[in-house]
Amino acid sequence: MTSVPSHDLRNLARFRHAMRRFLRASEEAARAAGLTPQNHQLLLGVAGFNGTGSATIGELAEFLQVRHHSAVGLVDRAEALGYVRRRPGTDDRREVRVFLTADGMRRLRVLADQHRRELAGMRRGFNLAALEDQGSRPSRGTARQRKRPPRD
């Protein structure tokens, strides 16, 4: 059994903590915008998962990491709320593509702005244990190596 260095465990713990804080903030923002966290994730998947601005049910299931029938249920509920609409595929009429409605896009844009600010704060606050714990120096170009101007 190999020993895991303590700085690796600290880095993992800090990373998991940062992810959980981001997810909690994301869930709270979605609720404040009148969406469930699942609806927010669905809208995000439709708008951005494959870069086309629409998604198939299978793509959404993959994005959300749920089973196909669960993705269908989420799309059904989001469609009933007016956030998404479905259209048959152009190449394969059996394929169903999901698109955002104007309301769905508006809600997603509001949340995207909030998430962008949250991510900016995470970048500033992310603090992994220094590589010096191993007796080595950080590689060139890292923030830790940048010279700071002297204080007066």
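In this chain, numbering begins with 1 at the start of the sequence shown.
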Establish whether [X] and [Y] are linked, either directly or via other cluster members, by ILVMFWY side-chain heavy-atom contacts under 4.5 Å.
X    : Y    : value
M105 : V110 : no
L81  : V46  : yes
V96  : V66  : no
L60  : F99  : no

To check you understand the geometry: which heavy-atom pair defines the closest contact between [X] and [Y], and what is its length?
X    : Y    : answer
A33  : L111 : CB-CD2, 4.0 Å
A29  : Q114 : CB-OE1, 3.1 Å
L108 : L43  : CD2-O, 3.6 Å
G89  : R97  : CA-CG, 4.3 Å
F49  : E62  : CZ-CG, 4.0 Å

Worksheet item: When you check the gap from the basic side-chain N to the acidic O, do E27 and R20 get nearer than 4.0 Å?
Response: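 Yes, charged N to carboxylate O under 4.0 Å.
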
Practice prompt. State whether R107 and D103 are salt-bridged, where the test is any N-O pair (Lys NZ or Arg NE/NH1/NH2 against Asp/Glu carboxylate O) under 4.0 Å.
Written response: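 Yes, charged N to carboxylate O under 4.0 Å.
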
Item to complete: State which residue, out of L64, V84, V98, I57, fulfils the side-chain contact (heavy atoms from CB on, under 4.5 Å) condition with L74.
Response: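 Going through the options one by one, the only one that passes is L64.
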
Item to complete: For residues L42 and Q38, determine if any side-chain heavy atom of one lies less than 4.5 Å from a side-chain heavy atom of the other.
Response: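 No. Closest side-chain heavy atoms not under 4.5 Å.
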
Worksheet item: With a cut-off of 6.0 Å (strictly less than), are more than 12 heavy atoms of other residues, nucleotides or ligands near CZ of R106?
Response: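 Yes, enclosed.
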
Worksheet item: For atom CZ of R86, is the number of surrounding heavy atoms from other residues, nucleotides or ligands below 6.0 Å larger than 12?
Response: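 Yes - once you tally the heavy atoms of other residues, nucleotides and ligands closer than 6.0 Å, there are more than 12.
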
Worksheet item: Between D8 and L12, is there a donor-acceptor pair closer than 3.5 Å when you use the side chain of the first and the backbone of the second?
Response: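 Not at all, since once roles are kept as given, no pair shorter than 3.5 Å links the two residues.
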
Discussion item. For Y83, is there any backbone N or O sitting under 3.5 Å from a side-chain donor or acceptor partner on T101?
Written reply: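 It does hold such a pair.
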
Discussion item. Measuring from atom CZ of R14 to atom NE2 of H7, what distance do you get when rounded to the nearest 0.5 angstrom?
Written reply: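 It is 11.5 Å, given to the nearest 0.5 Å.
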
Discussion item. Please report the interatomic distance NE2(H40) to NE2(H115), rounded to the nearest 0.5 Å.
Written reply: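 So the gap between those two atoms works out to 4.5 Å.
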
Practice prompt. Apply side-chain contact (heavy atoms from CB on, under 4.5 Å) to V72 and D76, showing your working.
Written response: CA-CA 6 Å; V72 170; D76 288 344; 3.8 Å; yes

